[in-house]
Structure formats: structure tokens, C-alpha cells
Amino acid sequence: MRVVRRGDRGPAVTEIRGILVGLGLIPGAHAASSGSEFESSDFDDATEQAVRAFQQSRGLSVDGAVGAETWRALVAARWRLGSRTLYQAIPEPLIGEDVRTLQERLLEMGYDVGRADSVYGARTAHAVAQFQREVGLAPDGACGPQTMHALRRLGRKVTGGRPQWLRESDAFRHSGPNLVGKTVIVDPGHGGPDPGVVVPEGELRWTEAELAYDMAARLEGRLAAAGMRVHLTRGPAPAGELTDLERAQLANELGGDLFISLHIDGHVNPEADGVATYHYGTDHGAASTVGERLAGLVQREIVVRTGLRNCQTHAKTWELLRLTKMPAVRVEVGYLTSPLDRAKLVDPRFRDQVVEAVVAAVQRMYYPIDQDVPTGSIDVRELRAALAAGAL
Ligand SMILES: [Zn+2]
């Protein structure tokens, strides 16, 4: 869809404003929303502020404009748990904030719905049926008024760990320290018609898309040398743009054990610099502990090995992180708009250091926690030698 932003007007803007008013994000307008004279089709300052507040609250990129991802989140946000009956619809599943609330409540109660991804799929229906059976309702897997009543009655009393993430950690611990045969999906950002961050001036003609691909190809080589199966989500010059949704679907189809997306950041302020890593999570506590650990390891290894400024790890609900079924991270390796970072990024030895840092982080993911090693201590060349000697 076309991006809708400040200055635009028309029916799409009316609809966006309607949702934001319903969420109470456009102040003062809520009480008057029934009178049509208050309906505005102008994307004004207040609308942009409301969009920003919405994006912030949902862990989306905050740009104040409504693109495809923000639009889907807005449509989903219309639904409050209890305002409609939820069931497993085929082939188009029900998606919405109400589904996510239900999933998080079930997770807290110990039911296995997988990830709270806002999609009412088979696993959610199964968990609902299990809940229904245990409270004496007909286990039809649909969440209607009776099930809602039972949830309200019990939901608040039972809280515990985050069983799905505990299971995810367990699967990891039991998969052993061996990298051989595990599948990593490496996702170079942007590509094709979308160059990502571009710095038109200066001697550097690299775009973000080219740098991301270069690092992805280096990473592919290193991980493959360590015995892992590696898939890239795109080639050096794809014909079309690949959305984050398509990248996530591809990773799921390929059955990846880990997902690593590589980007370079950009900012209007040339003084912005440093590396940041993102993993799936929300402000209200649902997080992928394995994804969080991978993000922490990647971030620390890169900081220690390259000296890039540490811009920390952050929880986001981006589709790329939310819809991938394996632990997933997105790394923003420095700022192409920073003269400091740019000078490093154009140096192939620096890009090798970044790649070695990611390989070390991946290796540490598969060590049992009690055998973990200090950051910066894994020598990737030794790893390869050991592999060649048959020691791993
Ligand atoms: Zn990017």
C-alpha cells in the first residue's frame, strides 16, 4: 500500500483517524466522535503525533507515517478481547490485539500457544480447547462469551513463568554444542529497488543494501565452514523488494534454527553512531528469552571486537522478529551516515571482524550456559581447525 503521512487527506486518513480516536490517542476527539462534523479527513499534526504514540506503544519503527506494517497493526488494534468470538478461521486466520491478549493470558496460565503472535492458528485453538476441557466447557477451540467468562474468572489468579520460552531454551540446551547440521538464515536487509541508507556524497559509493549483502555473504562462508547449513534470504541484486513478512515466511519455510538480519543504520544527525541489536519482545514482558540471549551475545561480541559504540539491545515487535518461528535478531551494524562508522564499514577487514563476532555469538548460543566463555575469546579460525581435525 501507499504510505499515508502528514499533509495527506481522503478516506484512508478518515479511517486511520477513526482507529486512533477509538484507541484514545487523538485527545479530546473521543467524546465527539459520533458527530460527523468532527470527522476529519486531514492527516494533521495531531494525527501524526497519535501515529507516533501508537508506533511507540507497539514497538514499531516510529516515523509518524502509516505504511503497510503500521496499517496492519492499526487494523489489528481495533479488536479488544471479548468484542468478537475468536475461532480458527481457514484459510484466512483471525488476527488482532484481542488474539494477542488471549494468547498472553493462556501463556501465563501455562498453555502452549507458541509465540504470542496475534494470529489465531491451530496451536492457539488447541490451547483454548485444552483450557475449555479443564474448566468443564465443550472443547470447541473457539473463544466465545462462556470461555471469556471462564478466562476472566481464572485468568488473573494463575501466573507463572513463560512456558513457551522455557521450552525454547530447553530445546536449545538439548541440541548440544555442535554447530554441524544446524540451519542459520542470514537476511541481508533491503536490496533490489530498495537501496536502504544511501550516502550520496564522499568517496563511498556503498549503499546499505550492498554492505549488508557483503557481510551476509562473508557470514555465510564462515558459518558454512563451521559445518552449519546457511541460507540467504536474497541475492546480491534481487529483481524486486522483499518485505519483512516475506523474509519471515521464507525463514519459516526453510526451517531455520536461528535468524540473523543484517542492516546498517542511518540518521540525519551525522554524530549518531554505534551498533544496536533487536530481538522479539514487548514492553509488557512477553519476550523471546533465546532471541534476547542471541541479541545480547551478538551485541557484546561486536562491541568488544570492533569498538563500535554500544547502542544496546532492544525488544521490538517488528513482523520480522514476531513472525519468524526461530530465535531471530536484527543487527544495525553502525551508521552509514556517521563519518566515524563509515570509515570502518568501507574496510573489508572491519566487516570480517563483524562477521567473526556474529559467528562467535552463534557458537556461544550452543554452549551450555555453565560452559560459556568470555566475550571476545572465541577464535573462529581455531574453531575451523578443530572442525577440520574432527574434534567437534
Ligand atoms: Zn535497514
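Both ligands and their constituent atoms are indexed starting at 1 by order of listing.
The stretch residues 235-272 participates, sequence neighbours left out, in these ring-ring contact (aromatic ring centres under 6.0 Å, His included) pairs: H190-H263. Residue pairs satisfying the ring-ring contact (aromatic ring centres under 6.0 Å, His included) criterion with at least one member in residues 297-334, sequence neighbours excluded, are listed as follows: Y278-H314, Y278-W318.
Between the side chains of T70 and Q55, a donor-acceptor pair is found at a separation under 3.5 Å. A side-chain donor-acceptor contact under 3.5 Å links T183 and R229. For the residue pair T47 and D44, a side-chain donor N or O sits within less than 3.5 Å of a side-chain acceptor on the partner.
Protein N/O/S atoms found under 2.8 Å from the Zn ion (ligand 1): H190 NE2, E208 OE2, H263 ND1.
By the salt bridge (charged side-chain N to carboxylate O under 4.0 Å, His left out) test, E208 is found to be paired with no residue, residues two or more places apart in sequence or in another chain being considered.
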